[in-house]
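So that the names make sense, note that chain A is the first sequence line, chain B the second, and so on, each numbered from 1. The figures that follow rest on heavy atoms only: side chains count, while hydrogens, waters and symmetry mates do not.
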There are 2 protein chains.
Amino acid sequence: MSNCIKDIEHLSVFDLLTEEEIIFLDKHKTTVSYKKNETILKQGTFASTILFGKSGYFKLHIEGKKKGIILAVKKSNAFLGLSSLYYVNKTYLYSVTALEDCEVDVYDKSIFLEVMHNNVSFSNEIIKYINHNSARIFNRFLCVAEKNARGRVADMLICFSRNIFERLEFTLVMTRQELSDFVGLSMENTVRILKEFEDDQIIKISGKKVEIIDMDVLQKIRDFG
Amino acid sequence: MSNCIKDIEHLSVFDLLTEEEIIFLDKHKTTVSYKKNETILKQGTFASTILFGKSGYFKLHIEGKKKGIILAVKKSNAFLGLSSLYYVNKTYLYSVTALEDCEVDVYDKSIFLEVMHNNVSFSNEIIKYINHNSARIFNRFLCVAEKNARGRVADMLICFSRNIFERLEFTLVMTRQELSDFVGLSMENTVRILKEFEDDQIIKISGKKVEIIDMDVLQKIRDFG
DNA sequence: CCTAAAAGTTGAATTTTATCAATTTTTGTA
DNA sequence: TACAAAAATTGATAAAATTCAACTTTTAGG
């Protein structure tokens, strides 16, 4: 029972499209490369495009006055910023930033909506993605609200291992500051807790390389923290 | 510039329906009364209905292992639990509980989906509500993550005043514990901060009755806290 | 390869928040 | 109205988390 819900596989949605629809979409599609740390979508700006991350990792985040919060981390083959499709004031709800060099397919929003309009099963699937994304974020909200610092950091590590990298050994794509923005803690506190986990031989961590040694204990810290 | 987004007016969406559609929906509708503190929707249960709150106030909340978090407070004439319409595992994402005696229209989900299917503008409007609800919750997430205790309590009071009760004087529909679950603080801390605000003549509070005396200062506490 | 800037680390001090315990007030119901 | 249960309040204490400052390591770019 984890607070960290796995993302849906987005790629298969294109199977619901006809040849013609794919051609129509592709005609109005461009593929853009972004460098690490480049802003792909900026919260509050007018939303005229729909993005699909082809390669790389992405963070969905809201920039506050004092701090920011990372709502979600997405890997390749996922839509980015879908919820702006139907958002009332037609702006992006959150920013999307490249966590490493990446490629993104950029669809024209009106064309995308047209295809959705004519293909109900495609449309339903897209809306499912939007809701699933929200569900993930609601659960992260709960996690930050109810868990202490160690619990949050443990939850984050488990989440990355299971849902992003799908391995016990992985290389973080985020800085310590970004990890802190993900869990809602100060950077120093995050660093210290990671070190505690290492001292207790629960993880190995060196720079951006992480290995989870004792998943059982990490889960207990998550559950009781 | 507030973290607290006002809810959309939901009632007008029914204007988008034809006479026939309204009759069709109504035929499969029942109206149910709930008492204060009754659970209307339970998170995790199978979602077979769509609810529309006709009167009263409602809390949308996730129940965690240790604490819970109130995602949103809704007043009358709003849909409740819409996001389960398209959620992958067909369960409710969050619980909905009556904050006072209320009446709720209960629609059959499959009938509701059928109407949505046949009426695109209705469908689009419903999806907008879902996204708007998410947007509100994302911003509350940011608020809880970036603000200190006083800032969160100030934000909550402003939010209630502006978006729920639309007056500077209002009667809370939540207990101190529920206020605490809304802002992610311990109850004692919430109580103490409310008392501080009263001592500083920023608000008057007596039991559930609140009056905001100095909105300017309250906003400053929100912005700098 | 060198260097400046950025990122990461650590300890100490301080602030913030939660917890605990005792008490008062309010509420719901017989 | 009376009474028990629930909710709210308050103060004292403990725990948790942040901040500040100094320092080290890593990274990016010439």
Looking at A/F197, I'd like to know if the NZ or CZ of A/R192 sits under 6.0 Å from its six-membered ring centre while staying within 45 degrees of the ring's axis.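 No, A/R192 does not lie over the aromatic ring of A/F197.
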
Rounded distance in Å - [atom1] ([X]) to [atom2] ([N]):
X      : N      : atom1 : atom2 : answer
B/E178 : C/dT27 : CD    : P     : 14 Å
A/E146 : C/dT19 : CD    : P     : 12 Å
B/R152 : C/dT16 : CZ    : P     : 13 Å
B/N148 : D/dT18 : CG    : C1'   : 11 Å
B/K147 : D/dT18 : NZ    : P     : 16 Å
B/L172 : D/dA8  : CG    : C1'   : 13 Å
B/K35  : C/dG28 : NZ    : P     : 12 Å
A/L185 : C/dG8  : CG    : C1'   : 16 Å

Could you check which residues of residues 193-212 of chain A get a heavy atom under 4.0 Å from DNA chain D? Sort them by number, please.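 Close to the strand, none.
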
Check the pair B/L85 / B/I126 against side-chain contact (heavy atoms from CB on, under 4.5 Å), numbers first and verdict last. CA-CA 10 Å; B/L85 258 180; B/I126 293 290; 3.8 Å; yes

Atom NZ of residue position A/K90 - does it have more than 12 heavy atoms of other residues, nucleotides or ligands inside 6.0 Å?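 No, NZ of A/K90 has 12 or fewer neighbouring heavy atoms, counting only those of other groups under 6.0 Å.
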
Which nucleotide in C/dA7, D/dA8, C/dT9 has an atom nearest any side-chain atom of A/T175: C/dA7

Aromatic ring pairing A/F14/A/F79, orientation class (parallel under 30°, perpendicular over 60°, tilted between): tilted

Which label fits B/F160 and B/F165: parallel for a plane angle under 30°, tilted from 30 to 60°, or perpendicular past 60°?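 Judged by the thresholds at 30° and 60°, the geometry between B/F160 and B/F165 is perpendicular.
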
Please produce a list of atom pairs where a protein N or O lies less than 3.5 Å from an N or O of nucleotides 19-21 of chain D.
residue	atom	partner	partner atom	Å
D/dT19	O4	A/R192	NH2	3.1
D/dC20	N4	A/E188	OE2	3.2

In Å and rounded to the nearest 0.5 Å, what is the OH to CG distance from B/Y107 to B/L25?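 So the OH of B/Y107 and the CG of B/L25 are separated by 6.0 Å.
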
To the nearest 0.5 Å, atom NZ of A/K128 lies from atom OH of B/Y86 at 9.5 Å

Under 2.5 Å between the SG atoms of A/C159 and A/C4: is that the case?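 Answer is yes, sulfur atoms closer than 2.5 Å.
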
Between the side chains of B/T49 and B/Y92, is a donor N or O closer than 3.5 angstrom to an acceptor N or O? yes

